[in-house]
Amino acid sequence: MLIFSLLVFFILLAILIYILGEYIAWIYRDEATSKSSLPKWFKWFDKIEKPFSKIENVIFKFLKLDIKKETDWKGYLYSILLFNFILFVMLFLIFKFQNILPLNTLNLEGMSWHQAFHTASTFITNTNQQHYGGEILSTFSQLFGVGLAMFLSAATGLALAPAFTRGILNQENDKLGNFYKNLIKGAVRFLFPVSLIIGVFLVSQGAPQWFGGEIIVNTIEGINQSIRIGPVAGIEAIKILGTNGGGFFAANAAHPFENPTILSNIILNLFLLASPIAIIYAFGIWIGKRRHGVILIGAIFFIFVGLLTVSVYGELQPNNGLQISESGQYIDQSIGNMEGKEVRFGPALSALWAVSTTSTTNGAVNSMHNSFNATGTIGPFLAMAMNCLFNGIGVGLLNLMTYIIICVFIAGLMIGRAPQYIGKRIEWREVKIAALIILLLPVLVLLPTSWAVVTDMGKEAINNPGFRGFAEILYEMFSAAANNGSGFEGLMDNTLFYNTLNGFIILMGRYFPIFGQLLIAGYLANKKIRPETEGTLKVENFSFLVLFVGVMIIIGGLIFMPALAVGPIAEMLSGGM
Amino acid sequence: MNIKHELLITLKLLLVGIIIFSIIYPLSVGIIGHIWSNKARGSLVAYDNEVVGSLIIGQEIESPNFFKSRPSSIRYDGNYSSSQNLAPNNPQLTERVKNSLVEISEKYLLNEDQIPADFVTESGSALDPHISPEAAYLQINYISKNTGISEEIIRSIIDQNIEKPLLGMFGQSRVNVLKLNISLKEVINK
């Protein structure tokens with residue numbers, strides 16, 4: 001039954017990826033210089049071209065934006081950094097001074113400077129690691145800080161996908177596109193309408209969209225209960241679609257207001273996976289090789305299913321801490337580990353979500369990962385460590401390409417030919433940058449982890465004993481460096497130490513790779529397109545899939561084996577004690 | 001690259017973003033969502049013309065006349081959410097569960113020797129509105145004694161309120177505690 005339900009889930013997922021992928025590819029067909037045409041049954045996309053372009057033209061005019069002007073990689077990076085910096089300043093001020101801003105009916109205080117720094121960094125970078133419970137934010141901060149940044153950081157990521165594709169498809173032309181135009185198109189045509197649909201759907205399931213701060217009721221027993229409320233449904237929708245993951249409430253998508261029903265959970269989980277994967281599919285369309293997109297998704301999916309199996313199996317096992325009996329009574333754990341999980345979801349849907357949210361860089365949680373069995377935590381840990389699975393919206397494609405370059409390079413060595421990917425020679429410069437990008441993650445994860453575990457500032461925050469305590473810190477650093485934002489939770493991380501340290505890790509984990517990847521795109525763009533011959537590496541067949549899986553496991557997975565061995569693997573082997 | 005020109009574009013873009021994503025978007029969700037106006041306001045339920053809670057937020061129950069919810073470290077205070085995040089290897093977890101187990105066995109004087117896991121564990125949100133049907137069944141005898149309602153009626157209240165997994169395959173069977181308690185109150189006040 002479980003396997004059958006997962007099968008149904010994946011079929012629905014495939015359909016959703018197909019539709020969203022074609023749609024995203026259509027949005028950027030000109031910006032990415034697409035080589036494919038629209039399939040028959042999606043011809044109606046052209047009918048909605050007019051209303052959308054009208055809205056966009058109003059915005060372009062207001063900005064006095066010259067949309068014909070395209071920039072090279074430097075200009076593109078410059079625009080991203082400038083725009084993100086301005087957004088950062090605004091968010092920092094909102095979080096720091098929410099006490100004097102409007103829509104603060106509950107008189108909430110502003111954040112400390114270091115928490116505001118961490119929170120602003122995390123939201124502009126699409127990370128959404130939260131060192132605060134959502135309940136401490138005013139409605140204004142949620143709408144004008146969190147909500148706004150969720151749209152704009154996702155749109156920033158989205159705008160990178162067509163630009164990188166241009167790097168591959170350009171014939172000795174260094175122009176990658178117009179960042180502002182790409183950002184606006186992605187936000188207007190994809191993020192806004194799809195979020196609106198999901199948001200309205202969520203309201204129909206019970207997620208509130210209300211602008212007051214709290215409701216106060218007398219419970220069935222007559223006891224006073226106050227319940228926090230706000231514009232939850234709208235923020236929840238973009239949080240999932242934009243691979244953001246920052247919860248409106250501390251409990252994130254475990255909170256009944258964020259994720260009220262099983263149906264809402266399934267739909268959110270589908271979109272959580274589909275939005276980053278659809279971009280990989282769209283990449284295949286742009287380069288005129290739909291099959292290549294499918295092969296890439298298939299390779300990642302293979303690893304995804306492996307991790308999923310481990311985690312679902314782990315969570316269906318009983319929780320070791322509950323193996324007790326008292327006056328002849330014991331706990332029936334035939335259902336699996338229920339600590340930190342909602343009754344409506346149960347262990348299987350919680351584990352599915354946990355692996356989904358970490359293999360994309362979403363980071364929303366519908367159960368508390370820290371209460372998972374040791375085996376159950378392996379999936380989320382490895383998914384974040386590899387950092388090349390479906391990953392974030394837009395940037396996921398770029399991270400994937402980083403691995404592709406290494407993969408093509410290795411394949412080139414194996415077949416004894418100069419490495420070439422879709423008509424472009426891969427030379428030492430690209431390989432060097434790709435290798436540096438991949439090596440950045442271990443530096444950003446392992447150095448801070450070591451620092452934290454040898455100092456009191458780091459150790460004071462630990463919540464659980466033993467290997468799990470180490471795992472909490474490791475997970476925290478992974479979540480920051482990989483821009484995931486998922487929380488192991490429990491770590492008392494709202495301190496000067498963790499806020500500043502993680503804030504910097506997050507910023508470096510976002511902008512250094514983007515810098516390197518745009519640089520690669522810039523190098524590739526200037527190259528000649530070479531015709532495919534008998535000897536070129538075929539990227540559309542099964543052997544490429546196998547090769548790519550191997551590269552991802554060996555390079556992405558094994559880097560972190562020693563660190564993981566001290567954390568979750570040690571805990572698993574010691575029987576969870 | 002003209003910094004001044006580009007900065008102006010950026011600032012204007014931020015303004016456009018605020019208008020579309022911080023104002024138009026949440027209002028549109030709210031306005032269209034008004035089709036389900038009660039749900040958009042937090043799914044409030046009334047009994048006897050008085051609001052007794054949100055249907056999807058759990059409640060702390062102390063009275064012996066009502067069904068109890070799952071354990072919650074925040075005692076179902078809706079100003080907070082999230083559990084204690086205790087790992088399986090944490091002695092605090094075992095200690096807490098042991099206390100729950102003692103409390104349950106003393107209170108409900110059970111014949112069965114198995115307690116359903118959800119009834120002694122904390123949910124992720126600590127605001128879980130549901131319990132498993134088994135956790136509801138084990139409270140029948142106790143509630144019947146305290147309220148004088150016959151066990152059959154209480155059992156039928158539970159049976160009527162069981163929500164099945166979605167399409168029979170996603171999620172778990174469950175009962176909404178507040179719905180059960182409203183039904184109980186209706187029977188008591190009849």
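So that the names make sense, note that chain A is the first sequence line, chain B the second, and so on, each numbered from 1.
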Interchain contact, [X] with chain A, by part (heavy-atom threshold 4.5 Å):
X: B:Phe119; result: neither
X: B:Ile23; result: side chain
X: B:Val51; result: both
X: B:Gln84; result: backbone
X: B:Ile182; result: both
X: B:Leu11; result: side chain

Which bit of [X] comes within less than 4.5 Å of chain B, counting heavy atoms only: side chain, backbone, both or neither?
X: A:Pro318; value: neither
X: A:Leu183; value: side chain
X: A:Lys341; value: backbone
X: A:Phe144; value: both
X: A:Phe140; value: neither

> Do B:Asn85 and A:Asn463 have a side chain donor and acceptor closer than 3.5 Å?
Replying inline: no
>> Under a 3.5 Å threshold, yes or no: a donor from one side chain and an acceptor from the other, between B:Tyr76 and A:Gln225?
In response: no
>> Let's go through B:Tyr25 and A:Phe151 carefully: what are the C-alpha distance in whole Å and the side-chain angles of both, what is the deciding distance for ring-ring contact (aromatic ring centres under 6.0 Å, His included) to 0.1 Å, and is it a yes or a no?
In response: CA-CA 11 Å; B:Tyr25 170 71; A:Phe151 273 103; 4.9 Å; yes
> Out of B:Ser173, B:Ser63, B:Gly33, which one racks up the most heavy-atom pairs below 4.5 Å with chain A?
Replying inline: B:Ser63
>> Non-hydrogen contacts under 4.5 angstrom with chain A: give the residues of residues 98-105 of chain B involved, or none if there are none.
In response: B:Lys98, B:Leu101, B:Val102, B:Ser105
>> Apply salt bridge (Lys or Arg N to Asp or Glu O under 4.0 Å) to residues A:Glu339 and B:Arg96 and explain how you reach the verdict.
In response: CA-CA 12 Å; A:Glu339 175 70 16; B:Arg96 196 200 74 208; 2.8 Å; yes
